[in-house]
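In this text the structure is predicted, and so the values were computed from the model without any measurement.
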Amino acid sequence: PARSIAIKQSVKFFSASNGALNNTRNTTELMLGANKNLMLHAAATYGAVNNTPFGLESIRAYGKYRFFSADGMYSHFRMAAFAEIAHSKT
C-alpha cells in the first residue's frame, strides 16, 4: 500500500549433527510503500550456523515499480519492473 512501512522478523533454529539446537538464522526485512507505484524492500540475514560466530551473513535490496495499471471493478491488469541486488558472505 502507498505510504506504508512494515518490518518483518523471522528466526530459524537448526539442529547440529549431534542433535543440539545451536544453529540460528535471523532475517530482518524493512518494507516501504513509497507511493502507489513504488515499493522498496531491504533485508539483512544474520546468525550462527555450523559453529561460526554470530554475525551478518547477507544483505538484500529489492524494488518494484508499477508503470501500468488498468483496474476495473472485477478485473485488474498491471505491469511492473522488478530489480533485486544481494550480497552473501557464504
Nearest 0.5 Å please: distance from the [atom1] atom of [X] over to the [atom2] atom of [Y].
X     : Y     : atom1 : atom2 : answer
Leu56 : Thr45 : CG    : OG1   : 8.0 Å
His87 : Arg60 : NE2   : CZ    : 15.0 Å
Tyr46 : Phe54 : OH    : CZ    : 6.0 Å
Thr24 : Phe14 : OG1   : CZ    : 8.5 Å

Note: Gly47 and Asn26 closest approach over all heavy atoms is CA-ND2, 4.3 Å
Residue pair Ser58 / Ser88: nearest heavy atoms and the distance that separates them: CB-CA, 3.9 Å
Output a table of donor-acceptor pairs, distance under 3.5 Å, between side-chain atoms of residues 32-40 and any protein atom two or more places apart or on a different chain; print 'none' if there are none.
from	atom 1	to	atom 2	distance (Å)
Asn35	OD1	Asn37	N	2.7
Asn35	OD1	Leu38	N	2.9

Evaluate Ile5 against Leu30 for side chain to side chain contact (heavy atoms under 4.5 Å, CB included), listing each step before the verdict. CA-CA 7 Å; Ile5 189 168; Leu30 175 67; 3.8 Å; yes
Validation: residues 64-77 side-chain donor-acceptor distances under 3.5 Å, sequence neighbours left out:
from	atom 1	to	atom 2	distance (Å)
Ser69	OG	Asp71	OD2	3.2
Asp71	OD1	His76	ND1	3.3
Asp71	OD1	Arg78	NE	3.2
Asp71	OD2	Arg78	NH2	3.0

Taking atom types as modelled, find out whether Gln9 and Thr28 have a side-chain donor-acceptor pair closer than 3.5 angstrom. yes
Run the side chain to side chain contact (heavy atoms under 4.5 Å, CB included) test on Lys89 and Glu57 for me, step by step, so that the C-alpha distance in whole Å, both residues' side-chain angles and the decisive distance to 0.1 Å come before the verdict. CA-CA 5 Å; Lys89 293 171 82 174; Glu57 295 178 345; 5.6 Å; no
